[in-house]
2 protein chains.
Amino acid sequence: MDAKTDMEKQQERIRIKDIARLAGVSVGTVDRVLHSRSGVSPASRQKVEEILKQLNYQPNMYASALASNKKYAFACLLPDHSEGDYWEDVEKGMSQAVSSFSDFHISLDTLYYDQYEFGSFVEAGNRLLESNPDGVILSPTIEEETSHFVCLLQRLGIPYIFIDSNIPKLNPLAFYGQHAQKSGYFAARILHMLARESSGIVLFRQIYEGRLGSNQQLHREEGFYDYMREHAPGLKMWELNLYAKQPGQDEKLLDDFFRSHPQVNCGITFNSKAYLVGEYMLKHHRKDFHLMGYDLLRRNVECMKAGTIDFVIAQQPTMQGYNSIECLCNHLILKKKIKPCNYMPINLISADNIDFYFDAHTYE
Amino acid sequence: MDAKTDMEKQQERIRIKDIARLAGVSVGTVDRVLHSRSGVSPASRQKVEEILKQLNYQPNMYASALASNKKYAFACLLPDHSEGDYWEDVEKGMSQAVSSFSDFHISLDTLYYDQYEFGSFVEAGNRLLESNPDGVILSPTIEEETSHFVCLLQRLGIPYIFIDSNIPKLNPLAFYGQHAQKSGYFAARILHMLARESSGIVLFRQIYEGRLGSNQQLHREEGFYDYMREHAPGLKMWELNLYAKQPGQDEKLLDDFFRSHPQVNCGITFNSKAYLVGEYMLKHHRKDFHLMGYDLLRRNVECMKAGTIDFVIAQQPTMQGYNSIECLCNHLILKKKIKPCNYMPINLISADNIDFYFDAHTYE
DNA sequence: CGTACCTTTGTGTGCGTGCACAGAATGGAT
DNA sequence: ATCCATTCTGTGCACGCACACAAAGGTACG
């Protein structure tokens, strides 16, 4: 029966056809209004817009994607990385998203650069632009170069998303990552519980070419010191710089430090390389040292299971990757409004709850 | 041009039409094979199945949902609850999912029962069955009655999902919730850090009609004791039963306990009612007591901000709700394979990282 | 050989939307 | 009034799939 009551119809989804009928125009006109195309008289436009608002019309995105049959090419610019690294999880999340939204005809091209060679970032950026992508995802690890690159994207009208760390003034379409300062603050609370009153804490830092690796690291440190200033002003703290690239050198630095500071039984790294210290402890059979770090890298996980890393703060890299692709789809295809700043949860992981944090499962 | 190279076509999505052409049959026949309907000769069926497997055909679920135009009614059976409660977040997740999958024409009907009146569960269950739903979500809080109810569902061929707690032998289509034993174990690790060596720990328990509220609570306790047995066998522990329904009575019990055990400065609840103790501490201006609990109820959050609850373990109720609806869609509409056991992360929340855990944002 | 009946296969329409194209209306110039 | 240009509006097909219906082929029986 065509003669359904209004009661029943209320539940039904409103279609373009319905809007057209109510506005006394054809679906073509409604379509033009919806996509703000030209060729509609002011009177019709206003009438249609009125009805749209009144009925709170939501297009059927599946029908829309089916009909428009466009292809979207996304591109991603990441630091190059090896197996078991942080960025691998980010990529995993992105490829999960690509396959989950494959019916939208999206594709993803990932380009890599050497985080410590600025030239390689620029070069990768140029290659990316050549492919003329519809949306870009990148991590603003190098502020200066990112700034330049983002200017080009803006000029071309290509939306870009930041993951992992943020530079708000370069206003990306969205940011997915952790609130670094607050995560440092939280880490401090936990480490403070681990630290005995009498002893002290050592901060292991990562130095490249004479400067700290990233803003992330700096903000985490800030948060850490903020907490300690408020809650444990008397606690002694040391900073020890490590260099990752020359393992022998780091080992010697650690030897020297612990020889001259035997009472220190607590430490933290504000980057993902806690395993450098954890593996050192393992090698020297020191199980009494309490260590914290960041990110569920394979080597960190192994240290946690072996007992030389107590806790790690995870920042859901897989979810970051997944969400950033989803965000581009929402923006470009479904024209949804995007939330610009999206902080990931600050997760505390120990050997006990680690099994529930490989967030892969969430998005099969 | 119709004459695309195979190279190009490889990237394209395979359609039913393609399968039909390659198998030398019509799309109707392929359709029949895909939906395992009758009326296909063994020869054709085999040929089509072969091609399907060979090309790993994945149907376009959007087109499929669009064409089939079926309506799905889901039903949900939950303990009744007041504002700011745990179940409210579960419901929030479910309604977010319903609106995010609204193009699949799903609807959700939620029924409530009194958790402590078994008869009301049965009555709500019967009302639910009358509406003849396509899928059911419930929390098996009462084992006996749930078992009966689930039998009925099985007989009717209606799939059901458990959230929050699990009874594997009633084999639900899927379970979304926390690994209770391991979460208790993890909680113990944290509380052990909070507890000074010299003092002891009190376990506040929730008693209804002479027995513990739920299996969840029991398993958490188990995990907690497991940890303590392994890592702090000497630590003294007490159990104090509370009754929630008579606040005056609880206050007296707490008074008595702390008068006779002034050295105890640490406690935990294995249900969501930590605020009973937190608010007591607030009232008596005791800030030196370390308290842990479960779930981000409004009253718990307030205690955390006031400083009388140190940590809470959260179990992502919103995500549980969202995922359970998503699961029914995947199973009934998209015919995807379902993962039967889905453990939520074991999240540790303090006042510092709480802002990042109202998981609403994730699914706008 | 015609008819009835069953099994197997092919075709056509519609789901809600995007978009190209055709058609109608308007206004101005001749 | 006629013609053309311009603006505005309506129609029809396509997207990939589900499902109803029609058609074709085969078998049995009078």
Side-chain angles (χ1 to χ4, degrees), chain A residues 2 9 12-49 51-52 55 57-72 101-106 332-336, chain B residues 2 9 12-49 51-52 55 57-72 101-106 332-336:
Chain A
D2 208 356
K9 287 233 166 180
E12 312 275 326
R13 208 57 208 246
I14 295 136
R15 299 154 302 171
I16 287 188
K17 215 192 283 184
D18 302 316
I19 304 290
R21 185 166 36 79
L22 289 167
V25 296
S26 74
V27 291
T29 303
V30 177
D31 178 71
R32 274 179 280 267
V33 173
L34 280 172
H35 298 83
S36 27
R37 277 192 283 250
S38 63
V40 183
S41 69
S44 299
R45 165 155 282 139
Q46 200 196 325
K47 181 73 188 158
V48 170
E49 270 167 353
I51 308 273
L52 282 174
L55 297 193
Y57 169 75
Q58 299 292 118
N60 184 324
M61 61 177 186
Y62 301 143
S64 169
L66 190 63
S68 87
N69 213 16
K70 266 187 203 151
K71 303 213 186 324
Y72 293 88
F101 302 127
S102 64
D103 289 327
F104 288 144
H105 303 108
I106 62 178
L332 291 168
I333 307 176
L334 308 176
K335 321 282 185 209
K336 282 193 190 172
Chain B
D2 207 355
K9 287 234 166 180
E12 311 277 326
R13 211 55 208 243
I14 296 136
R15 301 153 300 171
I16 286 188
K17 215 192 283 185
D18 302 316
I19 303 291
R21 186 167 33 82
L22 289 167
V25 295
S26 73
V27 291
T29 303
V30 177
D31 178 72
R32 276 180 279 266
V33 173
L34 280 171
H35 297 82
S36 27
R37 279 193 279 252
S38 63
V40 184
S41 70
S44 299
R45 165 155 282 139
Q46 200 196 326
K47 181 72 188 160
V48 170
E49 270 166 354
I51 308 273
L52 282 173
L55 297 193
Y57 169 75
Q58 298 292 118
N60 183 323
M61 59 178 189
Y62 302 143
S64 169
L66 190 62
S68 85
N69 213 15
K70 265 185 204 151
K71 304 213 185 323
Y72 293 88
F101 301 128
S102 63
D103 288 328
F104 288 144
H105 303 107
I106 61 177
L332 291 167
I333 308 176
L334 309 175
K335 320 282 185 207
K336 282 193 190 172

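Each chain gets a letter, A, B and so on, in the order the sequences are listed, and its residues count up from 1.
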*asked:* Taking the nucleotide of DNA chain C with the nearest heavy atom to each, does B/N69 or B/G28 sit closer to the 5' end?
replied: B/G28

*Would you indicate what B/S38 reaches in the nucleic acid, counting non-hydrogen atoms under 4.0 angstrom: base, sugar-phosphate, or nothing?*
nothing

*To the nearest Å, how far apart are B/H35 NE2 and D/dA20 P?*
12 Å

*In Å and rounded to the nearest 0.5 Å, what is the OG to NE2 distance from B/S68 to B/H35?*
8.0 Å

*Criterion side-chain contact (heavy atoms from CB on, under 4.5 Å) against A/Y57, the qualifying member of A/I51, A/D18, A/V30, A/L34*: A/L34

*Can you tell me how far OH of A/Y62 sits from CZ of A/F104, rounded to the nearest 0.5 angstrom?*
6.5 Å

*Rounded to whole angstroms, how far apart are CG on B/D31 and P on C/dT13?*
17 Å

*Closest approach of B/V33 and B/R45, non-hydrogen atoms and distance?*
CG2-CA, 4.1 Å

*d(NE2, A/H105; P, D/dG16) in whole Å*: 6 Å

*N/O (side chain, B/S44) to phosphate O (OP1/OP2, C/dT9) under 4.0 Å*: yes

*asked:* Just to be sure I understand the rule, does B/L66 reach a base, reach only the sugar-phosphate, or reach nothing, if contact means heavy atoms closer than 4.0 Å?
replied: base

*Look at B/Y57 and D/dG16 and indicate whether a side-chain polar atom (N or O) is within less than 4.0 Å of OP1 or OP2.*
no

*Compare the minimum distances between each of D/dC19, C/dG16, D/dC17 and the side chain of A/A67, then state the nucleotide with the smallest one.*
C/dG16

*Please give, in whole Å, the distance from D/dC15 P to B/I14 CD1?*
17 Å

*Can you check whether B/K70 has a side-chain N or O nearer than 4.0 Å to OP1 or OP2 of D/dC19?*
yes

*Contact class for B/V25 vs. all strands (heavy atom < 4.0 Å): base, sugar-phosphate, or nothing?*
sugar-phosphate

*asked:* Check whether B/R13 reaches the backbone of A/H105 with its side chain - one donor and one acceptor, N or O, closer than 3.5 Å.
replied: no

_Atom pair distance, as rounded to whole Å: CZ in B/R21 and P in D/dG16_ = 12 Å

*Considering only heavy atoms and no angle criterion, is a donor-acceptor pair shorter than 3.5 Å present between the side chain of A/R32 and the base of C/dG18?*
no

*asked:* With a 4.0 Å cutoff (strictly under), does any side-chain N or O of B/S41 reach OP1 or OP2 of C/dT8?
replied: no

_Distance in angstrom units between B/I19 CD1 and D/dA18 P, rounded_ = 13 Å

*Give the rounded distance in Å between these two atoms: CD1 of A/I333 and P of D/dC15.*
19 Å

*Distance check: side-chain N/O of A/S26 vs OP1/OP2 of D/dG10, anything under 4.0 Å?*
yes

*So, is B/T29 near the phosphate of C/dG10, with a side-chain N or O under 4.0 Å from OP1 or OP2?*
yes

*asked:* What is the distance, to the nearest angstrom, from the NZ atom on A/K47 to the P atom on D/dT9?
replied: 14 Å

